[in-house]
Amino acid sequence: MEEAVNTVKNAFDATDFGIRAAIDFIAVVVLVSLIYYPKHKNKDFIFTFVLFNVINFMICYLLGSAKIKIGFAFGLFAIFSIIRYRTIVVSIKDMGYFFVCVALGMLNSLASVQDNFKTLIICNVVILLLTFILERLDFIKNENAKEIVYDKITLIKPEFRTELLADLNERTGLKIHRVDVVSIDYLKDVALLKAYFYAKDSENLLPTTVDND
């Protein structure tokens, strides 16, 4: 029993833990404060990202010190990766940041450091640099879509598509470039359309109903 306790104590290296923790903390701070927040301005997710990263790092490091199999750590990552908050809608990009934070915790706590942390630091830099570049690919257009309850049902015919787009652009103020007809309600004389447009940070600009005054 004493031998097992001594083994665990010897497995915990304070210097190794401190360096790994410093690398992980710097990486997650750069991720959330210099890459995520300037673009999205969401303080609530900063709390989530940092907290999960720190907890995941500590759990994986302590389990690794106790000689737990690496498969258990990947199982832990799988559990964290399917967590979703049911009170709000979490975007795909926010979930992507969440996965990066969890992965950084795993990487920095379990990676081999036989080359004095050089490879570990390089991996962190590559992940952060790649995230920064992908986040700021402004030349790639992001096509947004919104459903619209439309009252001018006569304009949904294919021959009036130009007039339909012009009317939607004028009434919504957005540059809608294509429209799909989802359904038609002849009793209410309205149609459900799906409008597509290119816009930055405009998820809430388009109303769900377009009616005449």
Side-chain angles (χ1 to χ4, degrees), residues 12-65 68-85 88-145 196-205:
F12 183 82
D13 187 340
T15 302
D16 179 76
F17 176 81
I19 296 176
R20 288 177 182 270
I23 294 174
D24 183 68
F25 180 75
I26 294 173
V28 74
V29 168
V30 171
L31 179 68
V32 300
S33 64
L34 300 182
I35 300 177
Y36 176 80
Y37 184 75
K39 193 76 172 182
H40 300 276
K41 306 294 183 182
N42 193 333
K43 294 182 180 179
D44 295 334
F45 281 111
I46 292 180
F47 170 83
T48 303
F49 296 154
V50 174
L51 188 62
F52 269 98
N53 172 267
V54 172
I55 292 176
N56 190 49
F57 171 83
M58 290 185 176
I59 292 177
C60 289
Y61 187 87
L62 294 177
L63 292 179
S65 298
I68 299 299
K69 291 182 178 179
I70 191 66
F72 186 85
F74 280 103
L76 181 64
F77 174 78
I79 293 174
F80 283 156
S81 67
I82 63 175
I83 293 177
R84 296 293 298 270
Y85 292 112
I88 59 175
V89 177
V90 181
S91 68
I92 296 177
K93 183 170 288 188
D94 288 332
M95 287 302 300
Y97 275 99
F98 174 76
F99 294 152
V100 173
C101 290
V102 174
L104 283 175
M106 278 188 55
L107 174 66
N108 293 322
S109 61
L110 298 175
S112 175
V113 290
Q114 296 179 358
D115 55 353
N116 297 323
F117 299 97
K118 291 181 181 179
T119 301
L120 182 60
I121 294 175
I122 291 175
C123 290
N124 279 266
V125 172
V126 169
I127 293 174
L128 295 175
L129 184 61
L130 182 61
T131 305
F132 178 82
I133 294 174
L134 292 177
E135 181 64 77
R136 282 154 179 78
L137 288 180
D138 294 332
F139 60 88
I140 297 181
K141 293 183 177 180
N142 182 29
E143 187 178 53
N144 296 329
Y196 299 88
F197 57 95
Y198 296 119
K200 294 181 181 179
D201 303 325
S202 57
E203 288 294 331
N204 298 321
L205 293 180

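Keep in mind that what you see is a predicted model, and the values were worked out from it rather than measured.
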Student: Taking distance alone, no hydrogens or angles, what donor-acceptor pairs closer than 3.5 Å link side-chain atoms of residues 30-37 to residues at least two apart or in another chain?
Tutor:
unit_1	atom_1	unit_2	atom_2	d
Ser33	OG	Val29	O	2.3
Tyr36	OH	Asp94	OD1	3.0

Student: Got a second to check how far Phe49's CZ is from Leu104's CG, nearest 0.5 Å?
Tutor: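 The distance works out to 12.0 Å.
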Student: With no hydrogens and no angle check, just 3.5 Å: does a side-chain donor-acceptor pair link Asn108 and Tyr61?
Tutor: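 Side chains of Asn108 and Tyr61: no pair found under 3.5 Å.
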Student: Is any side-chain heavy atom of Cys123 less than 4.5 Å from a side-chain heavy atom of Leu107?
Tutor: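 Yes, close enough: below the 4.5 Å cut-off.
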Student: Charged N to carboxylate O under 4.0 angstrom, Arg20 versus Asp24?
Tutor: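 No, Arg20 and Asp24 are not salt-bridged.
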Student: Specify whether His40 and Tyr97 have parallel, tilted or perpendicular ring planes, treating 30° as the upper limit for parallel and 60° as the lower limit for perpendicular.
Tutor: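 Correct class here is perpendicular.
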Student: With rounding to the nearest 0.5 angstrom, report the CG to OG1 distance, Asn124 to Thr119.
Tutor: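 Asn124 CG to Thr119 OG1: 11.0 Å, rounded to 0.5 Å.
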Student: Evaluate the side-chain proximity of Phe132 to Leu128: yes if any heavy-atom separation is below 4.5 Å, no if none is.
Tutor: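 No, every pair of side-chain atoms sits at 4.5 Å or beyond.
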Student: Which heavy-atom pair separates Asn56 from Gly105 by the least distance, and what is that distance?
Tutor: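 Closest approach of Asn56 to Gly105, heavy atoms only: ND2-C, 3.9 Å.
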Student: I need the minimum non-hydrogen distance between Asn53 and Cys101, along with the two atoms involved.
Tutor: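 What the structure gives for the nearest pair is ND2-O, 2.8 Å.
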Student: For Val28 versus Val50, what's the shortest heavy-atom pair and its separation?
Tutor: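 Heavy atoms of Val28 and Val50 come nearest at CG2-CA, 4.3 Å.
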Student: Mark yes when over 12 heavy atoms from residues, nucleotides or ligands other than Tyr196 sit less than 6.0 Å from its OH; otherwise mark no.
Tutor: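 Yes - once you tally the heavy atoms of other residues, nucleotides and ligands closer than 6.0 Å, there are more than 12.
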Student: For Thr131 and Ile127, which heavy atoms make the closest approach, and how far apart are they?
Tutor: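 In terms of heavy atoms, the two residues are closest at OG1-O, 2.8 Å.
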Student: Looking at Phe98 versus Phe52, is the centre-to-centre ring distance below 6.0 Å?
Tutor: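 Yes.
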Student: Would you say Phe117 and Ile19 make side-chain contact, with heavy atoms under 4.5 Å?
Tutor: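 SC-SC contact between Phe117 and Ile19 confirmed.
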